[in-house]
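Right, one structure below, let's go through it.
The structure presented is a predicted model; accordingly, all values stated were derived computationally and were not measured. No hydrogens, no waters, no symmetry mates; every other heavy atom, side chains included, goes into these values.
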Amino acid sequence: MTVGAFSEWRKLPVSLSELCINTTLRCGQSFRWHNVPDSDEWRCVLHGRLLSLKQDPTHLYYRTYLPSHPPQNTISPPPPPPKTAAAIPPTQQKASPPPTDHISTPTNDDDDPILPLLTAYFNLPANLTTLYEGWSQHDANFRRKAPQFTGIRILRQDAWEALIAFICSSNNNIARISQMVEKLCRRYGAFVATVDGRAYHDFPGPEAMVGDADDGEEGVDVEATLRGLGFGYRAKYIGQTARIVALEREEGWLEGLRNPESVALGYAGSLGGEGGSGDAGEWKEEGREGYRLAHAKLLELQGVGPKVADCVCLMGLGWGEAVPVDTHVWQIAQRDYKFGKGSHKSLNKVLYDAVGNHFRRLWGKEAGWAQSVLFTANLRTFSDRLAATSSKVGVKVEVKDEEGGNDGVEVKTEVTTATAIPLKRAASEDGVKVKAEDDTDTHAVLQASQTTTTRRMSKRLRKR
DNA sequence: CTTTGACCTGGCTGG
DNA sequence: ACAGCCAGGTCAAAT
């Protein structure tokens, strides 16, 4: 078996407050990035290339995998042998950035096609620090939470990939969504490379998921195949949506719904802007025309409701004002922004729009970006950062009792162990990264922000 | 129109 | 260890 090799690392100056990949890549935007075990390296196939990323406080490091032979465009190769030899020398696998003499800074973009790709994917021209400042200025709740969740950017993902991934996300958890997307790529996506015993595939286009009724081969029915892969009822939605997009819509239909200020590749965005190439329309509280139109068109697809449509608008089509209102954002709206106190308790269409409008009014044109910060803060996987903070300051956390029966009764709970437990467990589970010394608080918080382990937390600590 | 259920599956949680 | 709950919703039928 022939193997390729990674290019040398290149680096790009980026601070952790402008981009934190360890948060951004696992906060439920993309479900495809793979954290190489026992390292801080992340890998994913983007536009047919296997990319590898890591980061330190001053730079983003990146490299690409170069196969020894051009990748075949065949579908679903035989599964790789369980333990293929590592394609890179083990000495290169450690966590911290490699020695400086192996890193080059690209001098011109011509010999480095990856840089523009990353610039677009991470929306790098947008100045996140400035955006955070703006949101903090207008919103005390954001100001309180954001310091523990810096560097969270909206990714500019492929719109089709975002569409399928978020159809998978309905009534589902992030761990399983990631598994499903991986299975989808393995079954329908082009094989790119096998590295360290793991096969990497590109995300398949809609035409690859249409199925072929003509040849009587078994497994050609997309819905049946996906059900076999554990997709549940989403299998039908994906099959139908792929068929609609591939057969009933003209070529480039989905891309055509994109924010014209956010061109597909090569950045021309308004966000930090070297001047947009198109006019995205007049700003309104309910969002610009183009966004409303894109949202409406997406709703015509199967398995796409308002929330999924907003995810695609925000992360796949460059509409920064799209605010997906899911259970988390609804919780946030109720808990921190006084929504749902009156007669209505459930999230209907009117309330869905009202929540979005409220956040657009509060946060402005990139409300969806701000939403993702608070959304992340509300995820179980990350909530210990808030627990650590509150106990550090020595506050008592008020917990509203949501269990049945005693409506309106507030139970006050003192959190006494927040700092000790989560961070100590981080140390033991990660082994390498965190030493259980008497870290200063800021040090501890930084490490918490860098750990990749998912920890469990008592229900008591979770609520807030 | 708004309001309910049903819907697949497996990770996560608590007793 | 092991049920039962729940997870970044959506659809369709019924009220």
Contacts of A:V304 and A:V325 projected onto DNA chain C by closest heavy atom; the upstream (5') one is A:V325

For this session: Scan A:C168 against the nucleic acid and name what it touches under 4.0 Å (heavy atoms): base, sugar-phosphate only, or nothing.
Result: nothing

Rounded to whole Å, CZ of A:F382 lies from C1' of C:dG8 at a distance of 13 Å

In whole angstroms, the gap separating P of B:dG11 from CZ of A:F31 amounts to 16 Å

OP1, OP2 of C:dA7 versus side-chain N and O of A:R380: anything below 4.0 Å? no

*asked:* Taking any heavy-atom pair under 4.0 Å as a contact, classify A:G28: base, sugar-phosphate, or nothing.
replied: base

- Which part of the nucleic acid does A:V308 contact within heavy-atom distance under 4.0 Å: base, sugar-phosphate only, or nothing? sugar-phosphate

| query | Between C:dC11 and B:dG10, how far is it from one P atom to the other, in whole Å? | reply | 23 Å

A:R176 CZ to B:dC7 C1', in whole Å, measures 11 Å

Whole-Å distance, A:K183 NZ to B:dC8 P, equals 16 Å

Side-chain contact check for A:S170: nearest option of C:dT10, B:dC8, C:dG8 is C:dT10

- Message: Over all strands shown, is A:G305 touching base, sugar-phosphate only, or nothing at heavy-atom distances under 4.0 angstrom?
- Response: sugar-phosphate

So what does A:Q240 hit on the nucleic acid, given a heavy-atom distance under 4.0 Å: a base, only sugar-phosphate, or nothing? nothing

| Does C:dG9 have OP1 or OP2 sitting under 4.0 Å from an N or O in the side chain of A:T327? | yes

| query | A:R227 near the nucleic acid: base, sugar-phosphate alone, or nothing, with a heavy-atom cut-off under 4.0 Å? | reply | sugar-phosphate

The Watson-Crick or G-U wobble partner of C:dG8, with both key distances under 3.5 Å, is none

Separation of C:dG8 atom P from A:F166 atom CZ, nearest Å, is 11 Å

Residue pair A:K236/A:A175 against DNA chain B: nearer the 5' end by closest nucleotide is A:K236

Between A:Q179 and B:dG11, is there a side-chain N or O to OP1/OP2 distance below 4.0 Å?
yes

- Quick one: do A:E300 and A:R249 make a salt bridge, cutoff under 4.0 Å? yes

- Verdict with reasoning, A:R49 to A:D202, per salt bridge (Lys or Arg N to Asp or Glu O under 4.0 Å): CA-CA 8 Å; A:R49 293 172 192 273; A:D202 207 348; over 6 Å; no

Atom CD of A:E223 and atom C1' of B:dC7 are separated, to the nearest Å, by 12 Å

Contacts of A:G303 and A:I177 projected onto DNA chain C by closest heavy atom; the upstream (5') one is A:I177

### Task
Take the angle between the ring planes of A:F339 and A:F359 and call it parallel below 30°, perpendicular above 60°, tilted in between.
tilted

Is A:R361 paired with A:E285 through a side-chain N to carboxylate O contact shorter than 4.0 Å?
-> yes

**Prompt:** Touch check for A:L301, heavy atoms < 4.0 angstrom, all strands: base, sugar-phosphate only, or nothing?
**Reply:** sugar-phosphate

Check: Does the distance from a Lys or Arg side-chain N to an Asp or Glu carboxylate O, for A:K284 and A:E282, drop under 4.0 Å?
Finding: no

- May I ask you to decide whether A:D353 forms a salt bridge with A:K349, counting only side-chain N to carboxylate O separations under 4.0 Å? yes

A:Y352 atom OH is separated from C:dT10 atom C1', nearest whole Å, by 12 Å

note: A:N172, atom CG; B:dG11, atom C1'; distance rounded to Å ~ 10 Å

message = Set out, in order, the CA-CA distance, both residues' side-chain angles and the distance that settles side-chain contact (heavy atoms from CB on, under 4.5 Å) for A:S372 and A:R153, then state yes or no.
response = CA-CA 8 Å; A:S372 80; A:R153 304 182 148 265; over 6 Å; no

### Whole-angstrom distance between B:dA6 and C:dG8, as gauged at atom P
23 Å

For C:dA14, the nucleotide meeting Watson-Crick or G-U wobble distances (both under 3.5 Å) is B:dT2

Checklist line | Under-3.5 Å donor-acceptor pair between A:Y237 side chain and C:dG9 base | finding: no

